[in-house]
Amino acid sequence: MTDLPGRENDPNENPFAMFGDPEQIAAAMRQFADMLSAPSGSGPVNWDMAKNIARHVVVAEGDPSVMEGERRQIVDALNLADLWLNEVTALPGGTGSPQVWSRSEWIEKTVPVWRQLCDPIAARMVETMSGTLGAAGLPPEAQAMAGPLMGMMKQMGGMMVGQQIGQAIGSLAREVVGSTDIGLPLSGDPALLPGGVAAFSQGLETPAEEIRLYLALREAAHHRLFQHVPWLRAHLLGAVEEYARGITVDVSALEEQLRGLDINNPEQIQQALSGGNLLKPEETERQKAALARLETVLALVEGWVGAVVDRAAEGKLPSAAALAETVRRRRATGGPAEQTFATLVGLELRPRRLREAAALWQALEAARGVDGRDAVWGHPDLMPTADDLDNPGGFVHGEPEFDLSGLEASLREASAGDEGRAKGQEGREGREGGGSDEDGTNGDDRKDGGEGDRA
């Protein structure tokens, strides 16, 4: 009986009392089991755990299934948007089958691209954390025997990064309207989320059909660009990978937090594993250059989409200008793209950069037409640079095209000049060598005659 004096802490009453609250222990063990659930060789991130965390974040606030009426409306909007884009871009249509997703379906469908985007950074972070923590304070002979410990540390690092990624994806799923909100298509088909469209529409005094069509135009334009510019996706992912190669982690802060970790406190464990500033990479010059390249490409993509959508909606959607301003404000206050790259690589997309990119594409169209504007996407070497965004007029008008006919004329003139000089040189050599003139008079005779006359 626990109410008898001296029996309050009797282990015979509760043999597990010395270990703390059983529910807290069970919660900690479940998290540990999640960490070990990833199969060997599955990569640096426990994606099953990350996906489950993201789904829990979404379901916590409700995620209704897509109704058939909503599905038909969005499919029709995406098909109509594709037709409107045919009139304003040289890039061909046929960008896939329109999709309509719930927020949970968005998570499931986009995980493959999230893997491509996150794994390079996660691998570098996990490698840095596990290597440094595993070797900290160990003599060389102990480090040689710490193989199993290294494997455990990598799994723990993968869990920590997976927690952070899962939370980020779940938060994004509550805000996105389609598959391209981060500036990079997360699926092979254009898709919109009725829940995301409804959330975007809150507070807007605009007909729902216009909002749906405007968002469908943006979604279809992104997909058309990425599907018909084959180098673009690899270019973006390459910038992220370049950034990842230079990652270093604040391991001293990580050691300090793990040193004071209470395994009986699930909330503390959750906070430690969620990462936050603990896993924030340290910037190097190499990373800054990669971030600048990434920001420039994302700005050019967003600027082109904005310019093309504005042209497609002109005369068709009366509220297009107001909706474009809503999108700009959303980005300025930290939309899904800003959140994603701020969390992933510490990149803050500057609204000014997006405006400059849109102005550059509009100027290109005015100067060269739709075909000339879109031809710039033909090769990465033709693309504007960060300096060109600062001076779009210089890029649009630039240096005059090199005239090959002028080059040919210059070569002919140079060749004629060389030929004339060569003939003159031959004449001088002939005269110096005593050659005859056309009248048969010998050069020496002219010299003698000349001397006789002068005498």
Side-chain angles (χ1 to χ4, degrees), residues 85 88-91 180-185 218 221-243 246 283-312 314 324-325 327-328 331-332 335 337-338 340-342 344-404:
L85 289 173
V88 296
T89 176
L91 301 180
T180 60
D181 292 65
I182 72 166
L184 172 72
R218 289 183 53 81
H222 273 101
H223 275 272
R224 185 177 291 226
L225 178 63
F226 275 84
Q227 290 195 12
H228 297 294
V229 180
W231 58 265
L232 184 55
R233 180 184 295 270
H235 193 74
L236 275 171
L237 294 176
V240 175
E241 291 178 4
E242 178 67 19
Y243 175 86
E283 285 192 353
T284 64
E285 291 303 317
R286 182 178 185 177
Q287 289 173 294
K288 289 177 182 178
L291 287 181
R293 181 159 61 100
L294 182 61
E295 182 191 36
T296 300
V297 177
L298 288 171
L300 289 170
V301 168
E302 178 59 28
W304 183 88
V305 168
V308 168
V309 168
D310 287 347
R311 290 277 287 110
E314 186 177 355
E325 181 59 30
V327 171
R328 282 192 288 270
R331 286 195 174 280
E338 287 71 24
T340 297
F341 289 101
L344 194 61
V345 296
L347 170 64
E348 295 182 5
L349 293 174
R350 293 172 287 176
R352 178 177 63 84
R353 245 354 182 197
L354 303 178
R355 292 193 300 269
E356 291 168 346
L360 185 145
W361 291 118
Q362 291 166 356
L364 269 176
E365 181 182 348
R368 306 182 189 179
V370 169
D371 291 346
R373 178 200 66 195
D374 294 346
V376 175
W377 291 104
H379 192 278
D381 290 346
L382 300 176
M383 294 297 294
T385 64
D387 292 337
D388 294 324
L389 292 183
D390 294 328
N391 180 25
F395 178 82
V396 172
H397 302 292
E399 296 294 332
E401 294 185 3
F402 197 70
D403 190 351
L404 292 180

- Separation between CG of L300 and CH2 of W361, rounded to the nearest 0.5 Å: 6.0 Å
- So how far is it from L291 CG to E242 CD, rounded to the nearest 0.5 Å? 10.5 Å
- Query: Quick one: are F395 and V376 in side-chain contact, heavy atoms under 4.5 Å?
  - Reply: yes
- In short, A357 meets A299 closest at the heavy-atom pair CB-O, 3.1 Å
- Task: Please report the closest heavy-atom contact between H397 and A367, naming both atoms and the distance.
- Result: CE1-CB, 4.4 Å
- d(E356 CD, D388 CG) to nearest 0.5 Å is 11.0 Å
- Message: Check this for me, if you would: do E302 and R328 make a salt bridge, where the nitrogen-to-carboxylate-oxygen distance has to be below 4.0 angstrom?
- Response: no
- Between the main-chain N or O of W377 and the side-chain N or O of W231, is there a donor-acceptor pair closer than 3.5 Å? yes
- Should L237 and L184 count as side-chain neighbours, where that means a heavy-atom distance under 4.5 Å? yes
- Any chance you could lay out the side chain to side chain contact (heavy atoms under 4.5 Å, CB included) test for V308 and L91, step after step, and finish with the verdict? CA-CA 11 Å; V308 168; L91 301 180; over 6 Å; no
- Please say which of V396, L360, N391 ends up in a side chain to side chain contact (heavy atoms under 4.5 Å, CB included) with P384. L360
- Item | Close side-chain approach of V370 and V88, heavy atoms under 4.5 Å | no
- Between V301 and F226, is any pair of side-chain heavy atoms under 4.5 Å apart? yes
- Task: Taking the side chain as every heavy atom from C-beta outward, state whether D374 and D371 have any atom pair closer than 4.5 Å.
- Result: no
- Query: In Å, rounded to the nearest 0.5 Å, how long is the span from OG1 of T296 to CZ of R353?
  - Reply: 5.5 Å
- Query: Distance from E295 atom CD to L389 atom CG, nearest 0.5 Å?
  - Reply: 8.5 Å
- Message: Working to the nearest 0.5 angstrom, can you tell me the gap between W304 CH2 and R373 CZ?
- Response: 6.5 Å
- Flag the pair R218 / T180 as yes when at least one side-chain heavy-atom distance between them is below 4.5 Å, and no otherwise. no
- Note on the structure: Looking only at heavy atoms, the pair that brings A290 and A239 closest together is CB-O, 3.7 Å
- Query: So, do P185 and Q227 sit near enough that their side-chain heavy atoms are less than 4.5 Å apart?
  - Reply: no
- Message: I'd like to know if R311 and E365 make a salt bridge, using a cut-off of under 4.0 Å between side-chain N and carboxylate O.
- Response: yes
